[in-house]
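Inspection log for the structure reproduced underneath, given as structure tokens.
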Amino acid sequence: MKCDIVNLDNQNVGSMELADSVFAVEVRADILSRVVNWQLANRRAGTHKTKTIAEVSGTTKKPYKQKGTGNARQGSLRATQFRGGGISFGPVVRSHEQDLPKKIRRLGMRCALSAKAKDGKLVVVDALKMQEVKTKDLLSKMEKMGLSSALFIGGAELDDNFSMSARNIVGIDVLPQQGANVYDILRRDTLVLTKEAAENLEARLK
């Protein structure tokens with residue numbers, strides 16, 4: 001498929017051919033769902049923890065005698081039925097990581113790129129560079145391009161001026177080409193690739 005190349009002033013500066021095997025495959029929602037769930041599960045810290053009866057601080061003394069009080073028998077004030085007692089079957093520290101075959105991950109990336117291309121939400125720019133760190137200038141450029149929610153994927157090294165200018169803009173994310181991932185592509189309305197990033201993704205996913 002043929003795609004126009006624009007600059008940050010939304011001026012056409014050329015065109016390039018994008019591989020159909022990467023940017024025009026069948027979009028499968030089930031694959032996208034699996035990859036997104038895998039990503040979100042793997043980034044969970046898993047540090048949630050509650051205390052059991054054995055870990056709660058407090059006396060080990062029996063609250064009152066076994067018989068003759070008219071109350072239910074109790075053995076500890078640290079039991080789960082008492083305020084401040086332990087928690088039954090609470091969360092423990094564990095890993096939430098999942099396994100996902102590399103073929104499925106690669107297919108998920110192709111589906112995400114193809115979904116953006118199919119919806120007309122894929123933009124290829126010549127470069128992501130700014131003369132100075134100026135958020136106001138970058139906002140005006142994005143208005144010319146009609147962008148309010150976008151993921152910018154640059155080359156192997158990002159331009160510091162562009163990255164810092166985009167840092168405080170709500171709805172805008174900037175990643176190097178090696179950080180491209182399905183979740184970040186889908187969570188923004190428009191995907192903006194540099195020519196270098198598009199070529200890199202093709203080489204990775206063909």
Side-chain angles (χ1 to χ4, degrees), residues 1-33 35-36 39-40 43 105-206:
M1 59 180 285
K2 194 172 184 179
C3 181
D4 292 332
I5 300 175
V6 299
N7 57 22
L8 289 179
D9 292 317
N10 206 26
Q11 299 169 338
N12 196 320
V13 294
S15 63
M16 71 178 296
E17 197 72 27
L18 296 177
D20 289 344
S21 60
V22 176
F23 292 91
V25 302
E26 179 190 357
V27 180
R28 291 184 52 182
D30 61 321
I31 296 295
L32 292 175
S33 175
V35 177
V36 169
Q39 275 190 246
L40 295 182
R43 76 181 194 180
R105 286 181 264 163
R106 290 163 63 88
L107 179 57
M109 180 66 78
R110 289 197 290 267
C111 286
L113 295 172
S114 299
K116 292 301 182 185
K118 181 181 178 181
D119 294 340
K121 299 293 186 179
L122 176 65
V123 179
V124 179
V125 297
D126 56 347
L128 298 177
K129 291 185 178 180
M130 297 279 290
Q131 296 296 325
E132 57 179 339
V133 179
K134 199 76 173 176
T135 301
K136 185 177 179 181
D137 291 349
L138 184 56
L139 276 171
S140 66
K141 292 179 184 295
M142 290 184 182
E143 287 178 6
K144 291 179 184 177
M145 299 177 73
L147 301 177
S148 58
S149 172
L151 170 65
F152 288 85
I153 298 181
E157 297 291 335
L158 294 174
D159 179 61
D160 289 338
N161 289 344
F162 183 88
S163 298
M164 295 178 71
S165 297
R167 184 178 295 172
N168 290 333
I169 302 178
V170 177
I172 301 298
D173 295 325
V174 182
L175 291 173
Q177 62 191 22
Q178 59 269 27
N181 64 88
V182 173
Y183 176 69
D184 283 321
I185 290 173
L186 295 181
R187 71 192 290 259
R188 296 301 179 200
D189 183 58
T190 306
L191 174 62
V192 182
L193 300 174
T194 61
K195 184 180 178 182
E196 180 186 348
E199 292 170 347
N200 177 266
L201 287 170
E202 279 190 5
R204 279 170 52 189
L205 300 172
K206 266 186 177 179

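We number each residue from 1, following the sequence as shown. Side chains are part of it too, since the values below use all heavy atoms of this structure and drop only hydrogens, waters and symmetry mates.
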Any pair with a residue in residues 118-131 that passes salt bridge (charged side-chain N to carboxylate O under 4.0 Å, His left out), sequence neighbours left out, goes on the list, sorted by first then second residue, please.
K121-D189
Only pairs at least two apart or in different chains count here, so list each side-chain hydrogen bond (donor to acceptor under 3.5 Å, both in side chains) that has a residue in residues 158-170.
none
Is atom CD of E157 surrounded by more than 12 heavy atoms (other residues, nucleotides or ligands) closer than 6.0 Å?
no
Residues 113-160 vs ring-ring contact (aromatic ring centres under 6.0 Å, His included), sequence neighbours excluded, gives F152-F162
Can you name the side-chain contact (heavy atoms from CB on, under 4.5 Å) partners of T194, sequence neighbours left out?
V125, L128, E196, A197
List the steps, then state whether side-chain contact (heavy atoms from CB on, under 4.5 Å) holds for L139 with I169.
CA-CA 8 Å; L139 276 171; I169 302 178; 3.9 Å; yes
Taking the side chain as every heavy atom from C-beta outward, state whether I185 and M109 have any pair of such atoms under 4.5 Å apart.
yes
For residues 141-150, the salt bridge (charged side-chain N to carboxylate O under 4.0 Å, His left out) pairs (sequence neighbours left out) are D9-K141, D9-K144
Closest non-hydrogen contact found for M164 with T135 is O-OG1, 4.3 Å
Holding to side-chain contact (heavy atoms from CB on, under 4.5 Å), I want the full list of residues that pass it with S15, two or more places apart in sequence or in another chain.
K2, D4
Do L201 and Q177 touch side chain to side chain, with heavy atoms closer than 4.5 Å?
no
Test item: D20 side-chain N/O and M1 main-chain N/O as donor-acceptor pair under 3.5 Å
yes
Any ring-ring contact (aromatic ring centres under 6.0 Å, His included) pairs touching residues 115-148, not counting sequence neighbours?
none
Indicate yes or no: at least one non-hydrogen side-chain atom of K116 is less than 4.5 angstrom from one of F23.
no
Using every non-hydrogen atom in the two residues, find where K206 and S21 come nearest and quote the distance to one decimal.
CG-OG, 3.9 Å
Any pair with a residue in residues 165-192 that passes ring-ring contact (aromatic ring centres under 6.0 Å, His included), sequence neighbours left out, goes on the list, sorted by first then second residue, please.
none
If we only count heavy atoms from C-beta on, is the I153 to D184 side-chain gap below 4.5 Å?
no
I want to check something: taking the side chain as every heavy atom from C-beta on, are V123 and L191 in contact at a cut-off of under 4.5 Å?
no
Checking E199 now: which residues fulfil side-chain contact (heavy atoms from CB on, under 4.5 Å) with it, not counting sequence neighbours?
M16, K195
Run the side-chain contact (heavy atoms from CB on, under 4.5 Å) test against S33 and tell me which residues pass, sequence neighbours left out.
N37
Going by the rule salt bridge (Lys or Arg N to Asp or Glu O under 4.0 Å), which residues pair with D30 if we only count those two or more places apart in sequence or in a different chain?
R28
Atom pair CG (L205) and CG (L113), whose distance is rounded to the nearest 0.5 Å
6.5 Å
Salt bridge (Lys or Arg N to Asp or Glu O under 4.0 Å) involving R188 - partner list, sequence neighbours excluded:
D173
